[in-house]
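I have placed the structure first, in the form of structure tokens, so that the comments after it can refer back to it.
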Number of protein chains: 2
Amino acid sequence: MANVRGGDLSRLRQLNALAAIRALREAGPLTLTALAERTGLSRPSTKEVVDELAGLGWVEEVPPSPGTMGRPARRYRFRADCGHLVGVDIGGHNIRAALSDLDGEILAETRQPVRPDDPLEERLAAIERAVSGCLALSGRAASDLWLLAAGTTGVVSPEGRVQFSAAIPAWRGLDLAGELARMFPCEVLVENDSRLAALAEARRGAARGARDVVFLHVGRRMGTGLIIDGKVHRGFGAAAGEIVMLPEARWYDAPDHLNTCAVVPPGTPDEDAAGFTLAAARDGDPAALAAVGRYVDDLAVGTAAMVLLLDPQVVVLGGGFSRSADVLLGPLRERLERACVRLPEVRASALGDECVVMGAIDYAVDHLDRHLFTPDAGPSLPLPQPAGR
Amino acid sequence: MANVRGGDLSRLRQLNALAAIRALREAGPLTLTALAERTGLSRPSTKEVVDELAGLGWVEEVPPSPGTMGRPARRYRFRADCGHLVGVDIGGHNIRAALSDLDGEILAETRQPVRPDDPLEERLAAIERAVSGCLALSGRAASDLWLLAAGTTGVVSPEGRVQFSAAIPAWRGLDLAGELARMFPCEVLVENDSRLAALAEARRGAARGARDVVFLHVGRRMGTGLIIDGKVHRGFGAAAGEIVMLPEARWYDAPDHLNTCAVVPPGTPDEDAAGFTLAAARDGDPAALAAVGRYVDDLAVGTAAMVLLLDPQVVVLGGGFSRSADVLLGPLRERLERACVRLPEVRASALGDECVVMGAIDYAVDHLDRHLFTPDAGPSLPLPQPAGR
DNA sequence: GCTACTAATGAAGTGCTCCTTCGTAAGTAT
DNA sequence: ATACTTACGAAGGAGCACTTCATTAGTAGC
């Protein structure tokens, strides 16, 4: 039981203001009557609420839609642009950043190439450049930022410390949340990248609308993200999704099947090898198809464990190899069909490389929704003065 | 985003009444001033709310606590006895039922022995007898029941139909929720038994207070229940937790290690065999210890998959073999320690055979809380006329 | 270009809920 | 018996939302 707090009249007003904001965010610009219908309030009350919100800067009037019968109604919209969010994807080879408004609408994106063995300072500097780039592209200042969410490879502690990262050696033990908080004058969230990717697919990608989603990052490294009941599942120690560590799940070495196929030209570096095999498989090469078969055999074991355990609505295939989803999806479905009680939908990522940044943005939007736009939670409305442009 | 509904003054009153009820349920009998403090309302308002609730029958006055300074304050309590819930555990060999008040406090319990191959009608009649027994023991009528929650072995569809049950052949395809609704004049919920057991352990058993719990039913049949973020996890098709179906998890045949041990007297029926091995292991018999070791080896594989995937706070060992938890816990912890990123607490069930009935009650209480005692949900308060005794 | 119709606006009046304040009541300590 | 402590109950006041009605600003038809 969460709240046992009652409230007085001003709380009622707050509730109604929140309801109005939610309605406007969901349904775009609305006339007073439409808004009144949605919120269940009378028109005069709605007007008063909207006036107050307009005074605070949360809501503004837009030109009425012409061509209607009768007197044209004034229309209002939520000012999603009164605050800004940043999402960052910290990968081994790239740092991506995106800036969005409060609705998660992307306004600017940047990318900074890095190398896995770059020293710590260089990598942090690249993050700073990526975010600054977004601010510059969209003409905002760092002080306009309300919230920054970052996704990184590796196991991230509940407090935002990187426990371990195979892809970025220098990252180990870093207090990433602390470093980011020093760099940017706003609240900072840090999460594992696969979890954010899962969230993005569940919100705007291949699994839109699903409440229970399993995201598989298939690539040279394997990773998973779980969305359960619409929320990112972290686990008690924020270590959920590490099934790749289990030898019996046969994930850890699964990519080797693709790397060691005969169609890979000798001397190809490991990181490019799988691409040859997947491409050859698409062209029907028997050796490549066999290798892909063995790969999917292994992939399906861990996946079946997840599906049997969680019974998700959708399984999303993301990560580097998901560019070859056409080659992988069929075989994977077939094996899951045999192993599982109920076959979930199995789809390829719809967001590709943007997955993690998008997820970071969505994660930030969620955070905001929970802490600002939800009754019975946090300081509620009039806190972050929405600055006019 | 759930609700975009605003509200008027009466809604505010409803909110405050709900807050009062929640406070009273959480903290037992309270004086007006104490209640006012908890709800954040002024004393006069609290009084008015309490008077209204008393008039509706939700709240009643109890004698003031004597021996205090100043004028003794009137005290009020939530009338948990104004409605009743029934939990039913439908197992292969036993039907258990329990009757509780609205707080989940058990008032009566009964058990009806059945046989796995009993015909459908006989089993349904046994359920009726078990519940009637509870009603008789506590002196209530069937019309006092608000809600019945039943747990059964097997896969249960979201609508309460039994898809499949290995333990109760006659159960397959049965519209259990429908049958129960015909038998009892109240709302009916049906869920898988391991999930309910998990809920009970998370609410009042070995994992009390934990939000993420994995419950392992270890016995002649294996089963699992997941509590995620404090709620029962069903999955999209209500088929979550069926990891036993995966050969690589090595659960399905795991009990064979115990059945085929040399310490089991020849001719022992399969269902009693494991008991001999576990008992011998407790006495230090080397052959039995080796068999238990092999059993836990297998058990640990599927368990590690669950732990790695979900990172729960607690793993609870329940089911028939959990009576020998002292023999199992140590080896299981040791193997999980090696396999997992973070070792969760591993504990034996605290509720034993009562697990599922308790879980059914807790499930019913949860349902009530969500649909009756939560703002923004359902018809809210004054619906089920709380009948006076 | 004028009139009829439509739909939104704005202001006035009403009712409900909660708040604060103050005098009264019912106990215990000295 | 008196003083002190704590709770109760009534009265007055403020805030919020509701309903109602006259007014305004458009479109459609003649």
What's the closest nucleotide to the [X] side chain, out of [options]?
| X | options | value |
| --- | --- | --- |
| A/Asp8 | D/dC18, C/dA8, C/dC18 | C/dC18 |
| A/Thr33 | C/dA8, D/dA7, C/dC18 | C/dA8 |
| A/Arg43 | C/dT9, D/dC8, C/dT21 | C/dT9 |

To the nearest Å, how far apart are [X] [atom1] and [N] [atom2]?
| X | N | atom1 | atom2 | result |
| --- | --- | --- | --- | --- |
| A/Leu12 | D/dG15 | CG | C1' | 10 Å |
| B/Leu35 | D/dT6 | CG | P | 19 Å |
| A/Glu61 | C/dA8 | CD | P | 14 Å |
| B/Arg71 | C/dT24 | CZ | P | 13 Å |
| B/Leu32 | C/dC18 | CG | P | 13 Å |
| B/Glu37 | D/dA7 | CD | P | 9 Å |
| B/Leu15 | D/dA17 | CG | P | 13 Å |
| B/Leu30 | D/dT6 | CG | C1' | 17 Å |

**OP:** Decide side chain to side chain contact (heavy atoms under 4.5 Å, CB included) for A/Glu48 and A/Arg13; before the verdict, give the C-alpha distance in whole Å, the side-chain angles of both, and the deciding distance to 0.1 Å.
**Re:** CA-CA 10 Å; A/Glu48 201 161 325; A/Arg13 163 57 63 95; 3.2 Å; yes
Can a side chain N or O of [X] be found less than 4.0 Å away from OP1 or OP2 on [N]?
| X | N | value |
| --- | --- | --- |
| A/Ser45 | D/dA17 | no |
| A/Asn16 | D/dA17 | yes |
| A/Ser42 | D/dT19 | no |
| B/Arg74 | D/dA7 | no |
| B/Lys47 | D/dC8 | no |
| A/Arg13 | D/dA17 | yes |

Subject >> B/Arg203 vs B/Asp366, side chain to side chain contact (heavy atoms under 4.5 Å, CB included): CA-CA, chis, key distance, verdict >> reply: CA-CA 10 Å; B/Arg203 288 294 153 80; B/Asp366 271 20; 2.5 Å; yes
Original post:
If you find the nucleotide of DNA chain C closest to A/Thr31 and the one closest to A/Leu9, which residue's nucleotide is nearer the 5' end?
Top reply: A/Thr31
Original post:
Do B/Asp212 and B/Ile227 touch side chain to side chain, with heavy atoms closer than 4.5 Å?
Top reply: no
Original post:
Closest approach of A/Leu137 and A/Ala108, non-hydrogen atoms and distance?
Top reply: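 So the minimum-distance heavy-atom pair works out to CB-CB, 3.8 Å.
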Original post:
How are the rings of B/Phe78 and B/Phe373 set to each other: parallel, tilted or perpendicular (split at 30° and 60°)?
Top reply: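 The arrangement is perpendicular - the two ring planes meet at more than 60°.
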